S.K.: 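Sharing a structure here in structure tokens format.
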Amino acid sequence: MTNPELRPADLVVRPPLHPTLMWVPATCFVGGLLTDLAYYKTAEMQWANFSAWLITAGVILGWLSCILGIVDLVGRRYATAPVPGWAYAIGIGIVMILATFNMLIHKRDAWTSVVPWGLTLSAITVAVLVFTTVIGWTALYRRNVMVIA
């Protein structure tokens, strides 16, 4: 029994938009952790500057990606995912809140911006990001989409 109001194009679940943009902030956050570690080992001021720039760019682009993520979640692009979309959304929300606090901490003087809280927040942000990325991969690429013609 088919619904005459539904066209075949309405039944195709399109992939989410935001994973394309989320790679840039994720790379910035990992780069921020690496430059924090480099600053911790060398105390070279430029590493702290790189960290602040990378984390700030990651936060700005990450929040833009979150807006698209909300569109994806409301638009039911995760409707057929084996993992609930809200679990992924909460994880990304936690990552972005941690990264925003990290960005604010990195605005201070070089040594106090990295040691100990900047480095700690960078590490926690990347750890939560890796965990959330696993949830996102599961929700995005391991789903069974049925197309009814």
Side-chain angles (χ1 to χ4, degrees), residues 9-148:
D10 295 334
L11 301 174
V12 176
V13 178
R14 291 175 176 78
L17 302 169
H18 80 281
T20 305
L21 291 178
M22 200 59 198
W23 283 105
V24 176
T27 304
C28 288
F29 296 147
V30 172
L33 174 62
L34 294 176
T35 54
D36 279 348
L37 288 171
Y39 178 76
Y40 178 71
K41 292 292 185 183
T42 65
E44 180 66 38
M45 180 65 184
Q46 195 59 31
W47 290 117
N49 292 338
F50 287 154
S51 291
W53 298 337
L54 285 167
I55 292 168
T56 301
V59 166
I60 292 168
L61 295 172
W63 282 115
L64 291 174
S65 178
C66 283
I67 292 169
L68 284 177
I70 292 170
V71 170
D72 290 338
L73 195 59
V74 171
R76 304 190 44 83
R77 291 183 184 234
Y78 282 100
T80 60
V83 176
W86 58 265
Y88 176 69
I90 289 172
I92 289 296
I94 291 170
V95 166
M96 291 311 302
I97 290 169
L98 287 170
T100 302
F101 283 130
N102 197 12
M103 178 187 71
L104 295 174
I105 286 175
H106 273 83
K107 295 299 178 193
R108 292 193 262 167
D109 184 27
W111 185 256
T112 59
S113 71
V114 175
V115 179
W117 292 112
L119 183 59
T120 303
L121 274 176
S122 290
I124 293 170
T125 300
V126 170
V128 174
L129 181 67
V130 168
F131 179 73
T132 304
T133 301
V134 170
I135 293 172
W137 274 119
T138 303
L140 183 61
Y141 293 109
R142 292 189 184 193
R143 61 184 176 176
N144 296 321
V145 178
M146 291 182 14
V147 178
I148 302 171

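Note that the coordinates shown come from a computational prediction; the quantities given were computed from them, not determined experimentally.
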S.K.: Under 4.5 Å between any side-chain heavy atoms of V114 and W47, yes or no?
M.R.: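 Heavy-atom side-chain distance check fails, nothing below 4.5 Å.
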
S.K.: Considering all heavy atoms of both residues, which atom of P25 and which atom of G58 are nearest to each other, and what is their separation?
M.R.: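 Between these two residues, the closest heavy atoms are CB-O, 3.3 Å.
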
S.K.: Return the orientation label for the Y39 and W111 ring planes: parallel under 30°, perpendicular over 60°, tilted otherwise.
M.R.: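 If you compare the ring of Y39 with that of W111, the planes turn out tilted.
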
S.K.: Compute whether any side-chain donor of one residue and acceptor of the other, for N102 and T125, lie under 3.5 angstrom apart.
M.R.: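 No, no side-chain donor-acceptor pair sits under 3.5 Å.
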
S.K.: Measuring from I92:CD1 to I97:CD1, what's the distance to the nearest 0.5 Å?
M.R.: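 Rounded to the nearest 0.5 Å, the CD1-CD1 separation comes out at 11.5 Å.
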
S.K.: Which distance, rounded to the nearest 0.5 Å, do you find between the CE of M103 and the CE of M96?
M.R.: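 That separation rounds to 8.5 Å.
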
S.K.: Hey, what do you get for CG (L119) to OG (S113), rounding to the nearest 0.5 Å?
M.R.: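 Between atom CG of L119 and atom OG of S113 there are 10.5 Å.
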
S.K.: How many angstroms lie between atom OG1 of T100 and atom CD1 of I105, to the nearest 0.5 angstrom?
M.R.: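 It comes to 11.5 Å.
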
S.K.: Might you work through the side chain to side chain contact (heavy atoms under 4.5 Å, CB included) test for T56 and H106, ending with a clear yes or no?
M.R.: CA-CA 9 Å; T56 301; H106 273 83; over 6 Å; no

S.K.: Taking CH2 in W117 as the centre, count heavy atoms belonging to other residues, nucleotides or ligands within less than 6.0 Å. Is the count above 12?
M.R.: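 Incorrect, the count does not exceed 12.
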
S.K.: Atom CG in L54, atom CG in N49: separation rounded to 0.5 Å?
M.R.: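 Those atoms lie 11.0 Å apart.
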
S.K.: Grab the two heavy atoms, one from G118 and one from D36, that are nearest each other, plus how far apart they are.
M.R.: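 Closest approach of G118 to D36: O-OD2, 3.4 Å.
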
S.K.: Carefully, step by step, assess L21 and L64 under the rule side chain to side chain contact (heavy atoms under 4.5 Å, CB included).
M.R.: CA-CA 8 Å; L21 291 178; L64 291 174; 5.6 Å; no

S.K.: Taking only residues two or more places apart in sequence, or in another chain, which ones meet T133 in a side chain to side chain donor-acceptor pair (under 3.5 Å)?
M.R.: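 Applying side chain to side chain donor-acceptor pair (under 3.5 Å) to T133 gives none.
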
S.K.: Once rounded to the nearest 0.5 Å, what's the spacing between atom CG of L129 and atom CD1 of I94?
M.R.: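 CD1 of I94 is found 12.0 Å from CG of L129.
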
S.K.: Is it the case that over 12 heavy atoms from other parts of the model lie below 6.0 angstrom from the CH2 atom of W23?
M.R.: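 No, the 6.0 Å shell around CH2 holds no more than 12 heavy atoms from other groups.
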
S.K.: So, for T35 and S51, which heavy atoms are closest and what is the spacing to 0.1 Å?
M.R.: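 The pair with the smallest heavy-atom distance is OG1-OG, 2.6 Å.
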
